[in-house]
2 protein chains.
Amino acid sequence: MTGRTRPIERRADALSRERIVEAAVTLLDVDGEGGLTFRRLAERLRTGPGAIYNHVANKGELLAAATDAVLAPALSAEVAEDVRAVALAVFDAIDAHPWVGTQLAFAPSQPAMLRVFERIGRRVRALGVPAGAEFASVSALTNYIVGVGGLNAANARAVAPGTDRTDFLTTVAVEWANLDPDEFPFTRDVAGQMRDHDDREQFLAGIDLILNGIRRLGRPG
Amino acid sequence: MTGRTRPIERRADALSRERIVEAAVTLLDVDGEGGLTFRRLAERLRTGPGAIYNHVANKGELLAAATDAVLAPALSAEVAEDVRAVALAVFDAIDAHPWVGTQLAFAPSQPAMLRVFERIGRRVRALGVPAGAEFASVSALTNYIVGVGGLNAANARAVAPGTDRTDFLTTVAVEWANLDPDEFPFTRDVAGQMRDHDDREQFLAGIDLILNGIRRLGRPG
DNA sequence: ACCTGAACACCGTTCAAGT
DNA sequence: ACCTGAACACCGTTCAAGT
């Protein structure tokens, strides 16, 4: 009866998809992947768990929306000048929000994955890769960034929170050094290098190896 | 191995870690990652859910044991002649048991992950990589194999069971072709190549790019 | 020493009842 | 149209009680 010309006045704290996703990101950041439940989310938003379903279809959709909300700004046009910059932007976003890594590696073909593919694609095309190798090159880089990013996030999550990084790496190095010499000769031998390595640096070294491999395609031999 | 005295006689169907892990692998293979619950496992083993805890500490340990049980034979000495063979052995194991990919990417530094690292390390060392680049090279390959393997498993899982592969790829290709031209010009442009690509081939192409990049390290320029 | 299964403290999701 | 919150059908894990 009041007509539909004027938007209906709403309480300032009315539920919306945006507010729900925002609260979900906070819960995930603060308490990790186990921290997001519909009951806790409803509590924070001062409503019942059922209300959330008026704005998101299910938990999977909520996680995908939260992932895209974190990754979209990280992959804005200004940031992504080259392949290494795109890779580091994704790595750092996962480092700051480890649940993003898990989600990316689990819900691919989502908007977030497409953003990475598109950015990498443009940069690889600018490199002048042979047309027949372009799709495979972009796929390898995208899959490496997302797959290995997720792997690093899982690694980080597996470590008890508050553990000193150096202590942890030393512990792993000692474990490696004590492996069975017949079954794990190589791993034993490089145990010392595990203690000193840096995840971010190593992530980037992998990107550089792939880029080296791609550049080599142009001039065979 | 060789018992000190004689092993105690047991009922043929007595619980054991081995029987539990075996039953877990079956449940995972048949019904996917959601198919493994302590109640269903207990039902299959004709016992109560609590009994399982006498042989495994928790669900995480059970999943890790199941993963290693599948991967260990795939990485036996005879199979792994070179890096590509190791990579394909892992890819095919994940293809046959998609839950292995998830588990590998989520519980690294587990025995299964170490097996891959060791195999790859031996082969890379045999390639004669400069000592300073060896650890990063082995890490890049291992992370690619495990991370991207997990990604492919997630992709496979996301597709409704029974969906024809060609139909699915065509659907994705159409989605890509209809993306926003301003936001996704590259992805739109290569949509047709998505339709024709082969996951296994592309996985291997990524390995080859990294190997190319590694070989290039020896002779700079 | 190992098994049993009820009980505990949770989940995601649904849905009748409200406004 | 949207919200509320009890209810449903599950979980992993624990633990007293059995053998």
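If you're wondering where the values come from, they're calculated on a predicted model, not measured in any experiment.
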Which nucleotide in the set D:dG12, C:dA6, C:dC11 lies at the smallest distance from any side-chain heavy atom of B:Pro49?
C:dA6
So which one's nearest nucleotide on DNA chain C is more toward 5', B:Asn54 or A:Gly50?
B:Asn54
Closer than 3.5 angstrom, by distance alone: can the side chain of A:His197 be matched with the main-chain N or O of A:Met194 as a donor-acceptor pair?
yes
Go through D:dC3, D:dA7, D:dT13 for me and flag the one nearest to the B:Phe38 side chain.
D:dT13
How many Å lie between CZ on B:Arg40 and P on D:dC11, as a whole number?
8 Å
For the side chain of B:Arg17 and the backbone of B:Val56, is there at least one donor-acceptor N/O pair under 3.5 Å apart?
no
If you look at every heavy atom in A:Ile94 and A:Gly150, which pair is closest and at what distance?
CD1-N, 4.3 Å
Can you tell me if the side-chain N/O atoms of A:His55 get under 4.0 Å from OP1 or OP2 in D:dC3?
yes
Whole angstrom is fine here: how far is it from CG in B:Leu62 over to C1' in D:dC11?
15 Å
Without decimals, in angstroms, what is the distance between B:Arg39 CZ and C:dA7 P?
13 Å
Where the side chain of A:Tyr53 is defined as all heavy atoms beyond and including C-beta, which of D:dC8, C:dA7, C:dT14 is the nearest nucleotide?
C:dT14
Rounded to the nearest angstrom, tell me the gap between atom NZ in B:Lys59 and atom C1' in C:dC11.
12 Å
Give one of base, sugar-phosphate or nothing for A:Leu36, where a contact means two heavy atoms less than 4.0 Å apart.
sugar-phosphate
To the nearest Å, how far apart are B:Leu41 CG and C:dG5 P?
15 Å
What nucleotide among C:dC11, C:dT13, D:dT13 has an atom nearest to a side-chain atom of A:Asn58?
C:dT13
Selection from C:dC3, D:dG12, D:dG5 that lies nearest to any side-chain heavy atom of B:Ala51
C:dC3
d(CG, B:Leu27; P, D:dC11) in whole Å:
11 Å
Tell which nucleotide pairs with C:dC2, taking only Watson-Crick or G-U wobble pairs whose two distances are both under 3.5 angstrom.
D:dG18
Rounded to the Å, how far apart are B:Ile52 CD1 and D:dG12 P?
9 Å
Minimum-distance pair of heavy atoms, taken over all atoms of B:Leu209 and A:Ala136
CD1-O, 4.4 Å
C:dC8: pairing nucleotide in any strand, Watson-Crick or G-U under 3.5 angstrom
D:dG12
Check the angle between the aromatic planes of A:Tyr144 and B:Tyr144 and answer parallel, tilted or perpendicular using the 30° and 60° thresholds.
parallel
